[in-house]
Structure formats: structure tokens, C-alpha cells
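To start, the structure itself, in C-alpha cells.
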Amino acid sequence: MAEVDFEKIEKKWQKKWEEEKIFYADEKSKKKKFYVLEMFPYPSGTGLHMGHALNYTIGDIFARFKLLKGFNVLHPMGYDALGLPAENAAIKVGTHPEEYTKNSMKNFTTQLKKLGFSYDWSRILNTSDPEYYKWDQWIFLKMLESGLAYQKESVVNWCPECKTVLANEQVVDGKCWRHENTKVESKYFKQWFLKITDYADELLRNLDNMEWPEKTKNMQKHWIGKSYGAEIDFIVNDNKWPVFTTRPDTIYGVTFVVVSAHHKELEKLVTKEQKKEVDNFLKKIKSVSEKDIAVLEKEGAFTGSYAINPVTKEKIPIYVGNFVVADYGSGMVMAVPAHDKRDYDFARKYKIKIKVVINPVDFELNSENITEAYVGEGTLINSGKFDGLSNEKAKEEIIKFLENLKLGKKSIQFRLKDWGISRQRYWGTPIPMIYCDKCGVVPVPFKNLPVKLPKEVKFGKGNPLLTNEKWINVKCPKCGGKARRETDTMDTFVNSSWYFLRYADPKNKNKIFDSQKALYWNPVDVYIGGAEHACMHLIYSRFYVKFLRDIGLVNSSEPANKLFHQGMLHADGGEKMSKSKGNVVEPLATIKKYGTDSLRLFLVSVASPDKDFDWSEKGIQGSSRFLKKVYSYFENFKEGKSSPEVEIKLNNTIKNIEEYIETFEYRKATIELRELFDSISDGGAGKKVLEKFLQLLNPFCPHITEELWEKLGNKGFISNSVWPKSEEIKIKENLKKDLYEKAIENVFEVVKKVETRGEKISKVYLYVLPFELEKYNPENLKKKFGKEVFIYRVNDAKKHDPEGKSKKARPGNPGFWFE
RNA sequence: GUGGAUGUGCCGGAGUGGUCAAACGGGACGGACUCAAGAUCCGUUAGCUUACGCUUACCAAGGUUCGAAUCCUUGCAUCCACACCA
């Protein structure tokens with residue numbers, strides 16, 4: 001078999017596609033629009049990895065398929081260019097983040113182009129471009145106008161050595177990533193927040209009607225976390241301290257209260273005598289990451305203060321604990337050790353009283369014999385006038401009771417928190433605010449946007465922006481007096497929360513985007529990316545779209561109709577690909593060896609693209625072998641006649657592949673393609689059939705199919721040809737007969753079996769689907785079975801069907817009953 | 001702990017009540033070609049049998065059914081996510 005020069009073919013067609021701009025999208029087209037989007041990459045210095053290749057191949061196949069199907073396809077690409085790694089490179093190697101990012105982007109573009117993706121490169125986007133982040137700032141100011149952006153004190157990780165705030169990922173085992181002997185401290189800063197919680201209800205509600213993976217929707221539901229309960233006031237030193245609980249029915253069992261270690265007013269509760277103990281406890285907390293806190297054992301310390309239980313009037317101790325979240329509810333919880341597992345463990349550890357107030361349905365429980373928390377249903381005991389009520393009923397009654405005493409109320413809590421966007425670092429969007437001594441916090445006027453990042457800053461100690469005094473010092477936009485810029489920048493998730501909208505009109509200098517264009521393209525029809533973004537990016541984007549809708553810029557409420565997560569790609573042998581293990585497979589090296597089309601085909605033919613799978617050198621060799629086979633068949637092909645079998649197979653394949661691509665079952669599509677090719681090379685085929693085969697293969701292997709399309713004598717590109725139609729008649733006629741006969745054969749078999757068991761059968765009843773009724777001929781069947789045969793439609797109200805066997809009827813298979 | 005997913009032949013992985021000893025790919029084995037290797041092509045790949053066929057098989061044990069990889073129950077194992085949510 002002749003060697004195929006994949007590289008030459010790839011270069012040739014990539015150049016032609018670019019010259020003819022066949023993938024450039026235009027909103028003036030009369031065709032129906034279709035927007036395919038893959039999550040844009042963070043351009044890291046290490047270049048494109050195989051996971052990117054998989055992600056973009058999945059999207060590219062979809063986009064190319066839709067183009068062939070006659071849609072006006074938008075398939076753009078860009079870079080999420082602001083972020084921490086660029087800044088880390090500046091600290092470690094001394095490159096300016098801007099240079100680092102520029103180089104990385106250039107590198108990424110070259111690599112992406114070699115993979116032959118059908119991007120509209122004229123729409124390329126770069127979030128580190130002031131022309132882009134200007135609109136981040138614009139949205140921020142709009143949110144400020146709407147009251148959605150606000151400042152509040154919040155806790156962060158602080159490295160006293162670097163004098164800077166650390167991201168959770170920069171905290172390693174409670175220590176700074178750069179100073180392994182320096183313990184990270186908790187520090188409170190005033191920071192900017194976006195009030196995503198205003199949209200909590202809608203974010204939750206819409207999920208039900210969205211065509212997103214159920215798993216993702218569940219994760220989001222959990223993340224938003226709506227819970228119903230009560231807010232109850234406990235009295236501490238004559239002040240009201242509210243707590244939120246979902247179990248007001250257990251209020252009589254409260255024996256202590258726990259306040260979060262990060263509670264703003266913790267100091268007020270700590271007495272002189274207990275100060276030392278509490279401080280020692282606080283030192284043990286490693287970072288503000290709640291994931292880190294979660295790993296810790298439930299621990300705490302007595303604050304020295306007491307609270308009054310509003311119903312029993314008992315005096316109960318207040319503890320500070322590492323398992324209470326400061327930002328949820330009021331940052332304080334009432335603890336019922338008898339009926340909550342964490343409270344139980346905590347009470348046992350610190351020898352606090354345990355009081356049973358719910359008696360289980362099926363056994364006796366009391367405060368002496370309890371060995372674990374009982375969290376189930378039951379009736380109230382030890383609860384004053386509420387004794388004997390079911391705990392469900394008690395929830396309502398107790399809330400009513402507290403409301404009358406003005407000591408509590410019904411309450412709904414979301415676990416979703418407002419989104420803290422302040423980052424004390426350089427390579428992000430500057431927050432467009434100014435601090436004036438006289439006027440206070442003043443927004444930068446719209447006409448002065450963008451607030452550009454100054455290039456001259458020093459890296460290594462503290463927030464780099466603090467090192468450029470010239471940039472910081474400005475005149476107050478209100479009074480013209482001395483003022484200073486906000487030096488915090490925005491979380492980079494801000495940049496990616498609306499980029500898909502900007503693709504509709506990426507070069508607009510005057511507006512965030514032209515509304516007509518945005519309305520035309522949005523929402524995204526298919527969005528493809530990793531499941532790790534299920535909560536953060538995919539919730540923030542939903543929030544942004546809702547906000548932009550509310551200020552009249554778009555009319556859709558959700559960013560994407562359909563969402564797909566690709567699986568994780570592991571190294572040969574199942575381990576994670578990582579540099580330190582030396583098992584990384586580079587897309588570029590692979591292409592050089594086997595060709596881009598082989599790589600694309602392999603990536604989608606090992607497993608369903610949503611499942612994790614292992615890289616396999618043997619596997620890609622198999623894909624490459626298949627393409628060589630195809631190529632050599634076309635080279636030596638002599639025009640022949642297509643057999644009916646090949647025609648049937650072809651038409652079946654067209655239909656199936658359409659379905660498979662729509663549902664991302666690419667693996668099945670590649671199997672059908674192999675089968676079709678087998679029957680072509682076995683039975684011979686005419687030119688028309690070969691052309692159609694190439695078109696079916698084109699979304700997966702665009703280069704080689706262009707080449708062979710041309711070899712067959714076609715002018716123009718196969719990539720924007722018209723997808724073949726499957727001719728229904730050719731598919732079914734033969735098969736249908738078969739199926740009917742098989743179905744009858746089946747029934748016949750069963751009759752024989754039952755008779756050999758000794759049962760007598762004289763009547764056979766068949767229940768068939770209405771549209772199949774005509775195929776059944778009672779006379780013929782009577783002859784075959786030698787018995788009376790009755791045929792009913794399944795929905796016939798008068799049918800004789802003593803055991804409901806008609807429910808078993810399916811297409812091609814009747815239900816049956818014998819007597 | 002909570003939530004979710006999965007368990008199929010040597011391996012990856014289809015298959016959701018009869019067309020299943022189970023697609024497709026990989027591997028292994030045998031053969032053809034070749035001085036030879038590679039590539040390519042053909043065949044075999046649960047057991048017994050020349051074959052018809054029979055037996056054993058889709059994590060395990062029960063169950064439903066004329067019929068189960070597929071439906072139900074229980075158990076076991078593996079994987080993933082998470083913000084201990086009061």
C-alpha cells in the first residue's frame with residue numbers, strides 16, 4: 001500500500017480553506033443560523049494539550065456537520081488570556097505577563113490551525129485586549145447602577161512574607177506556595193461582590209427546562225441549594241443573634257450554639273478568660289478554602305459567652321467551630337446533638353449535654369441511651385406544649401409560636417453566595433472605581449473606559465499595581481480633587497461570563513456588541529467543554545446573560561441551549577497525563593506521525609466522547625490504517641456499479657450518522673463508516689456512492705476527504721457541499737419483510753414450546769401496533785399455526801386480552817396470548 | 001458524610017426483553033505474500049464436536065417471564081464531584 005503524505009494534503013487544504021474563507025460566518029445569510037462553541041482556552045505557555053484537541057475536535061465535527069446540513073454556522077475561537085499563570089511566570093521567570101500571553105496565544109493559534117478546525121478566525125477574541133476588558137468594566141458599572149455590585153468585608157488568605165493575598169491554589173498545606181515555612185493567615189479586606197443571589201430563584205427554576213446534562217443540572221441545583229426553614233433569634237448579652245435552621249422542630253434540644261471561625265463579630269463573643277484558647281484554635285485553620293476546612297476534624301473552642309434558648313430560656317454555651325460556614329445563613333448555628341451528626345460528634349468531644357426531643361417511630365430513644373444522632377422522623381418529646389406532635393407538623397407550629405413572640409420567622413436560605421470578584425493581583429481586568437477623600441467611592445465615568453493596566457509595575461511583593469504610583473493617583477471624577485484608583489482587579493471568570501456574546505460582533509468599538517447581531521446568533525446552540533466548569537463558569541455565565549437581558553441587550557435568558565461535556569483523556573495505561581510522569585502525548589507530535597485526520601478519528605472512535613478514556617498508541621495506529629486503506633481504495637478505484645446491498649447500507653448509514661452526530665455518539669458514527677467502507681470495498685460501488693461516503697466521513701476527517709473529493713473530479717470544497725439525503729425507500733423495503741417474518745417465527749416458536757410442556761393451545765391472539773395491522777394476514781397465519789388466530793390493534797377496546805399482554809407489543813414485535 | 005455514575009469476552013467498548021456466544025476496534029494465534037522482517041490480505045480467538053447441536057457465559061444471589069446482558073429486589077466492587085449548608 002502506498003504511503004499517504006498526510007502532511008502535504010493537510011497543508012494544501014488548510015491553505016485553501018483560509019484563502020476562500022469558507023468558514024467565515026455572516027449574519028446576512030438567508031440560511032438558518034447555528035452557533036457551535038467550545039470553551040475557549042487559557043493560553044498557557046506549555047501549549048495545546050491532548051484534552052484541548054479532544055474538546056475542539058468534538059466541536060469541529062458538530063460544526064462541520066451543521067455546515068454540510070445547510071446551516072449558517074458560527075464557530076469561533078478566542079483566548080481567555082487574563083489569569084494567574086501569566087503572573088506567576090512574571091514572578092518566577094521575569095517575563096512580563098503581556099509578553100508571556102502574547103507568545104502563548106501565537107503558539108496556540110499555530111497549533112490550532114494545524115488541527116484543521118473550521119473556525120472563523122476573523123472573529124478571534126482576546127480577553128487581555130483593553131478593547132475587550134473595557135466591556136467587563138462597562139458591565140461592572142452597569143451592575144453598580146443596578147445595585148448588583150457592592151463592597152463588603154470578606155476574609156482572604158494572606159501571606160505575611162509576600163505581603164499579598166493568595167488564591168486557594170497558592171496555599172499548600174496551610175503554607176504559602178513560595179514560602180514553605182510561612183503560615184498563611186486570614187485577613188479581612190473590603191472587596192467587591194456581584195449580587196448573583198438576586199437571581200438565585202431564576203437560576204434554579206430555569207434548570208428544569210434546559211437541555212443540559214442531568215448531572216450538571218443536579219450539581220447546579222445543589223450549588224444554588226434552596227432550603228426552607230426558620231431564622232431564630234438567640235439572645236446573647238441582651239443582643240439578638242439570629243441563626244438559620246432547617247429543623248425548628250428540634251429547638252427544645254438545642255444545648256449549645258456554634259459560631260463560624262470566620263464570623264465578623266466573633267470578638268464580641270470571646271471573653272478575656274477564653275481568649276487564649278480561642279486564638280490557639282484559630283491558628284489551626286489552614287486557609288479560607290472551605291475544601292480545606294472540610295477535611296479537618298470537627299473542632300472548636302468555648303468562647304466564654306452564653307446564649308439564651310428562646311423557648312426554654314436555658315443558658316447554653318457558645319462555641320467557635322471550624323465546620324460552620326461564615327457566609328451561609330448568619331454564620332452561626334444552633335446545635336442539636338441528639339438529632340444532627342456533626343453536632344453529636346462535637347458534643348461528645350467537648351462533653352456537652354445531649355437532649356433527645358424527637359422519639360423515633362420504631363424504637364425508644366432517650367438522652368441516656370443515645371449512641372448516635374437520630375436524624376429521622378418521629379414525635380416530639382421534652383418539648384413543652386409541643387410534645388406528641390409529629391416533627392413535620394411541629395416545624396410549622398414552632399415557627400408560628402416564635403413569630404408570635406417576635407423571636408423568629410419562616411426563612412428560605414440559598415447556599416449560593418454572592419460572587420466575590422476582587423483579586424489583589426495584576427493580570428486581570430482593573431475594577432473601574434476611584435477612592436476620593438471627599439466624595440468617597442466614585443465610579444470611573446463611562447466615557448473614560450477602558451481603565452488600562454499599566455505596563456510598568458514590579459512583580460514579587462504585594463499587588464503589582466500598588467507599585468505604580470503614577471497610575472494610582474488620579475483626579476476625582478466628581479470634585480477634581482486628589483484621589484486614588486482601586487487597585488484590585490476582577491476574577492477572570494468575569495471575562496468568560498459573556499465572551500460568547502461578543503463573538504457576534506467582536507470588533508465593535510462603540511458598543512459592547514450590536515444588539516441585532518447578538519440577537520441573531522444567540523443563544524449558543526451547542527456548547528462543549530469540561531465538566532469541571534459545571535458550577536463556576538456555567539453559573540456565572542447564566543447570571544450574566546440574565547443581567548444583560550434585564551438591561552435590554554439580549555432577549556435570551558440562558559447562554560446555551562445544549563451543553564456537552566467531553567470525558568477526561570488519560571495516558572496509555574490509565575494514569576493522568578502529566579509532565580512529571582513523562583507520559584504526556586503532544587497533539588503536534590502525534591499529527592506529525594499519523595496525520596491530523598488520524599488523530600481526529602482516533603479521539604472520537606475509542607469511546608463515547610463524554611466518557612473518560614485512555615490514550616492508546618495502538619488505537620491511533622488503527623485509525624491511521626483505516627484512512628490509508630480508504631485512500632488507497634480511492635487511488636485504485638475503477639468505476640463500478642453499486643449493488644443493492646451497498647445502496648441499502650449507504651442510506652442506512654446516512655440516516656444513522658445524522659442521528660449519532662446530533663447526540664454526540666461519534667463513536668457509533670465511526671463504526672458505521674467503517675462498516676460502510678467494508679461493504680463498498682467488498683461489493684464495489686459507483687461514483688455517486690463514493691462521493692456520499694466521503695461526505696459522511698468529511699466532518700471527522702476533513703483533509704483527506706477534500707483530497708479524494710477532488711480526485712473524483714469534483715470542483716469546489718467537500719467541506720461546504722450539500723449533505724446527502726437518505727432515501728427511505730431503499731432502506732426499509734427488504735428489511736421490513738424480514739422483520740415481520742421473524743416476528744411470526746418467534747410466536748410460532750413460543751407456541752411450540754408451550755405445547756411441548758403439555759399445555760393445549762387452540763386459539764392464538766396477537767396484539768399489534770395500529771400502523772402494522774395491515775401487514776398481518778389472518779388467513780396465512782391460520783394455516784401456519786394450524787389454530788384459530790385473532791389479531792387485534794393494541795388500542796382496541798374490545799380485544800380479548802386477559803393478562804394485558806397487549807402492553808408488550810413493540811414495533812416489529814406483537815404481544816400475544818394463547819388459550 | 002452527601003450527591004451522581006458504572007460493573008459485558010484477553011483489553012477498550014456496543015448492546016436496554018426474542019434477530020446474542022454478543023457489533024466495532026485493539027491484542028493474540030494460524031495461514032498467504034516475502035530470502036527475511038514490516039506493511040497488506042485471509043482465517044481463528046468460551047468449552048465439547050467434522051458438523052447439526054449441546055453445555056457454560058454479560059459483578060453475585062434471588063425474582064418476574066414461554067424467553068433476561070437487558071426488567072425488579074438485595075448484596076458486593078469500582079469511579080467521580082462536593083462549598084461539613086445547620
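Sequence lines set the chain letters: A, B, ... in the order given, protein chains first and strands last, and positions in each chain run from 1.
The distance between atom CZ of A/Arg247 and atom P of B/rA86, rounded to the nearest whole Å, is 10 Å. For A/Tyr631 and B/rU40, the OH to C1' distance is 18 Å, given to the nearest whole Å. Taking atom CZ of residue A/Phe816 and atom P of nucleotide B/rU65, one finds them 14 Å apart after rounding to whole Å. A/Phe664 has its CZ atom 20 Å from the C1' atom of B/rA14, to the nearest Å. Rounded to an integer number of Å, the gap from CZ of A/Arg415 to P of B/rC84 is 8 Å. What separates NZ of A/Lys668 from C1' of B/rU16 is a distance of 11 Å, to the nearest Å. Rounded to an integer number of Å, the gap from A/Leu627 CG to B/rU40 C1' is 16 Å. Taking atom CG on A/Asp343 and atom P on B/rC84, their separation rounds to 15 Å, with Å as the unit.
Checking B/rU44 for Watson-Crick or G-U wobble geometry (two distances, each under 3.5 Å) identifies B/rA28 as its partner. Nucleotide B/rU16: unpaired (no Watson-Crick or G-U wobble partner with both distances less than 3.5 Å). B/rG3: Watson-Crick or G-U partner is B/rC80, with both key distances under 3.5 Å. When both pairing distances are held under 3.5 Å, B/rU73 makes a Watson-Crick or G-U pair with B/rA61. Across all strands shown, B/rU34 has no partner, as no Watson-Crick or G-U wobble contact with both distances under 3.5 Å is found.
Taking atom C1' in both B/rU6 and B/rG30, the straight-line distance is 37 Å, to the nearest Å. When the C1' atom is used for both B/rG7 and B/rG13, the distance is 13 Å, rounded to whole Å. B/rC29 and B/rC52 have their P atoms separated by 28 Å, with the value rounded to a whole Å. One P atom belongs to B/rC82, the other to B/rG27, and the distance between them is 37 Å to the nearest Å. For B/rU70 and B/rA57, the P atoms lie 14 Å apart once the distance is rounded to whole Å. Rounded to the nearest Å, the gap between the C1' atom of B/rA68 and that of B/rA60 is 16 Å. Rounded to the nearest Å, the gap between the C1' atom of B/rA28 and that of B/rU34 is 23 Å. The gap from the P atom of B/rA69 to that of B/rU19 amounts to 10 Å, rounded to the nearest Å.
Two residues, A/Met536 and A/Gly331, neighbour RNA chain B, and the one matched to the more 5' nucleotide by heavy-atom proximity is A/Met536.
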Using a cut-off of under 3.5 Å, enumerate the N/O to N/O pairs linking the protein to nucleotides 2-5 of chain B.
none

Report each atom pair, protein N/O against N/O of nucleotides 23-26 of chain B, whose distance is under 3.5 angstrom.
{"from": "B/rA23", "atom 1": "O2'", "to": "A/Glu675", "atom 2": "OE2", "distance (Å)": "3.3"}
{"from": "B/rG26", "atom 1": "OP1", "to": "A/Arg625", "atom 2": "NH2", "distance (Å)": "2.9"}

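Of the charged side-chain nitrogens involved, none lies within less than 4.0 Å of a carboxylate oxygen, so that A/Glu672 and A/Arg667 do not count as a salt-bridged pair. Under 4.0 Å is where a charged nitrogen must lie from a carboxylate oxygen, and between A/Asp208 and A/Lys221 at least one such pair does. Salt bridge annotation for A/Lys152-A/Asp418: absent, with no cationic side-chain nitrogen under 4.0 angstrom from a carboxylate oxygen.
Enclosure of atom NZ in A/Lys195 is not indicated, since only 12 or fewer non-hydrogen atoms of other residues, nucleotides or ligands lie within 6.0 angstrom.
A centroid separation of 6.0 Å or more is found between the aromatic rings of A/Phe256 and A/Tyr350. In this structure, A/Tyr540 has its ring center under 6.0 Å from that of A/Trp419.
Take A/Phe816 and apply the ring-ring contact (aromatic ring centres under 6.0 Å, His included) test, not counting sequence neighbours, and it matches A/Phe818. Among residues two or more places apart in sequence or in another chain, the salt bridge (Lys or Arg N to Asp or Glu O under 4.0 Å) test is passed with A/Asp597 by none. For the side chain to side chain donor-acceptor pair (under 3.5 Å) test, residues two or more places apart in sequence or in another chain that qualify with A/His565 are A/Thr216. Remark: A/Lys240 engages no residue in a salt bridge (Lys or Arg N to Asp or Glu O under 4.0 Å) (not counting sequence neighbours).
One side chain, A/Glu617 or A/Tyr594, offers a donor N or O that lies under 3.5 Å from an acceptor on the other.
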